[in-house]
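Here the structure comes first, spelled out in structure tokens, and everything after it is commentary.
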Protein chains: 2
Amino acid sequence: MSPTPQQRRAARHQLATGPVATRRGPAGARKKPITVDLIVDTAFAIVAAEGYDALTMRRLATTLETGPSSLYAHVVNKEDLDELLIGRLCARVALPEPDPATWRDQLVDVCTQLREQYLRYPGISQAAFAAAPTNLDTLRLAEGLLGILLAGGVPPQTAAWAIDALVLYVNAHTLEVSLARRRPARDDDTWVVSRDEVLRRFAALPETYPHTKRHADELTTGTPEDRFAFTVRLMVDGLVGSAQG
Amino acid sequence: MSPTPQQRRAARHQLATGPVATRRGPAGARKKPITVDLIVDTAFAIVAAEGYDALTMRRLATTLETGPSSLYAHVVNKEDLDELLIGRLCARVALPEPDPATWRDQLVDVCTQLREQYLRYPGISQAAFAAAPTNLDTLRLAEGLLGILLAGGVPPQTAAWAIDALVLYVNAHTLEVSLARRRPARDDDTWVVSRDEVLRRFAALPETYPHTKRHADELTTGTPEDRFAFTVRLMVDGLVGSAQG
DNA sequence: GATCGGTGACGAACACCGTTCTACTCCGGA
DNA sequence: TCCGGAGTAGAACGGTGTTCGTCACCGATC
């Protein structure tokens, strides 16, 4: 059983897939035949170690000791690979049984898990922005969030749009954090390397920036985790007014 | 007076720039010498017409009737160009005089303006994710938002993190909208082209997606503007509890 | 006006990218 | 055993950002 990459992708979006062929073809000369799972696992390893930018078809193929064109027997294209990665990653998020008493904490928990997955693979969240809304793996996550929100008494329309907002924010936050962490690798001294340096530059701002100068401390304090927790809480707090429990 | 691109970039981040050289060099054979403003204006035109992905150094150079290497006399690299574009774009946002009575509407207004700028140049917001936090043009925007939040009685620490959240959300939202709008240009039928198609697929989901199936209508309704307004309001509502007025 | 050195313009080339096309080998079914 | 389909792999296509070297032009200085 070996569906083509196009068929696999169609199945993920509940489209007709056509007949599935039996495996045939060379792999005898290879110690390990290339499979889509092997490609995905290898891709994750590269991203985890070197960031999403390091993930190229050539890099992937080299790591697998083959040529880049061999990958196209298993994935439609790079974008398809992105979708596989994001889907796999979303599948790792454990969805709690919705509880009306703790729905807010449950929301925070799911978002935090997703954040952790994205940060484990630096930069990968940029692939999530292009994801189509009908992939079964990512829909599972949305389904879980929807269940939690409904259990909390949030009206369906509000819940639907809140999912959109939360997921987008997690994407954006993790992308920014990943890009900022990548920055110190550059030897260019233009960029910021420390909070002290930012404070120095804020202090040197002209008088047209009075608030920034006065509150430089607050503007520069807080870890990425602090900011993430703040924002998710902010959104959840904003939902409380519309919840009926 | 002609600072090098490296010097211009340093100035934007309040770093030492060194001596500025007098303009010298050929332009006699060209009807119009290349300047950084010309590069930026040309880049905006390309992005506005064809999206951010169409903006390559080669495309830009061809449009300017030169070779790509000529651009590097005026911009440090592509990333520098990104920064110039984002800075220019942020500079177009009109910042209101903070008003304690209408601070919430003012917040929504600034975010909406920024959204509009980003959507005018489809996909450009992805360049904003990599922006360093010390660019003077983008700091002006943060300064304006900070003024509004403080006028509304939001504590400085909350205000600082709220700016982070709002700006990130605007980036993410506009990027997603831009990518989704780009999708119909593809002739691949795997992707969604209409709400009806999404509804069809939601209806076809297995029983493990009960909430999604039941609330398919709410999940698929709402324009990008609706969703944007909802989320900004959600965050602003979340801030009300911490505001003292 | 002549000279000089710095700057801007530009082509060639580098090192990379995603993907397609073609040829070949291997596999499983008949 | 034969055949056709599937998988592997190299060559090549069309593209990317950037550097390097060369040349022409410009402005400051003498």
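Note that the structure is predicted; figures quoted are calculated from it, not measured. In what follows, every chain begins at residue 1, and chains take the letters A, B, ... in the order their sequences are listed.
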| Do any side-chain nitrogens or oxygens of T66(B) fall under 4.0 Å of OP1 or OP2 in dA9(C)? | no
Note: contacts of residues 68-75 of chain A with DNA chain D (heavy atom, under 4.0 Å) are S69(A), S70(A), A73(A), H74(A)
Review item, side-chain donor-acceptor pairs of residues 88-95 of chain A, under 3.5 Å, at least two apart:
{"unit_1": "R88(A)", "atom_1": "NH2", "unit_2": "D37(A)", "atom_2": "OD1", "d": "2.7"}
{"unit_1": "R92(A)", "atom_1": "NH1", "unit_2": "Q117(A)", "atom_2": "OE1", "d": "3.2"}
{"unit_1": "R92(A)", "atom_1": "NH1", "unit_2": "Y121(A)", "atom_2": "OH", "d": "2.8"}

Under a plain distance cut-off of 3.5 Å, with no hydrogens placed, do [Y] and [X] share a side-chain donor-acceptor pair?
{"X": "R115(B)", "Y": "T174(B)", "value": "no"}
{"X": "E83(B)", "Y": "H13(B)", "value": "yes"}
{"X": "Y72(B)", "Y": "D80(B)", "value": "no"}

Is there a side-chain contact between M235(A) and T231(A) (heavy atoms, below 4.5 Å)? yes
Do L81(B) and N77(B) have side chains that get closer than 4.5 Å, going by heavy atoms?
-> no
Rounding to an integer number of Å, can you tell me how far [X] [atom1] sits from [N] [atom2]?
{"X": "D82(B)", "N": "dG17(D)", "atom1": "CG", "atom2": "P", "result": "10 Å"}
{"X": "L38(B)", "N": "dG8(C)", "atom1": "CG", "atom2": "C1'", "result": "14 Å"}
{"X": "L60(A)", "N": "dC16(C)", "atom1": "CG", "atom2": "P", "result": "17 Å"}
{"X": "I39(A)", "N": "dG7(D)", "atom1": "CD1", "atom2": "P", "result": "11 Å"}
{"X": "L64(B)", "N": "dC10(C)", "atom1": "CG", "atom2": "C1'", "result": "13 Å"}
{"X": "Q6(B)", "N": "dG6(C)", "atom1": "CD", "atom2": "P", "result": "17 Å"}

Name the orientation class of the two ring planes belonging to F129(B) and F129(A) (parallel below 30°, tilted from 30 to 60°, perpendicular beyond 60°). tilted
Check your understanding: Can you say whether the rings of W161(B) and F230(A) are parallel (under 30°), tilted (30 to 60°) or perpendicular (over 60°)?
Key -> perpendicular
Between N or O atoms, less than 3.5 Å apart, protein on one side and nucleotides 14-16 of chain D on the other: list the pairs.
{"unit_1": "dT16(D)", "atom_1": "OP1", "unit_2": "T56(B)", "atom_2": "OG1", "d": "3.3"}

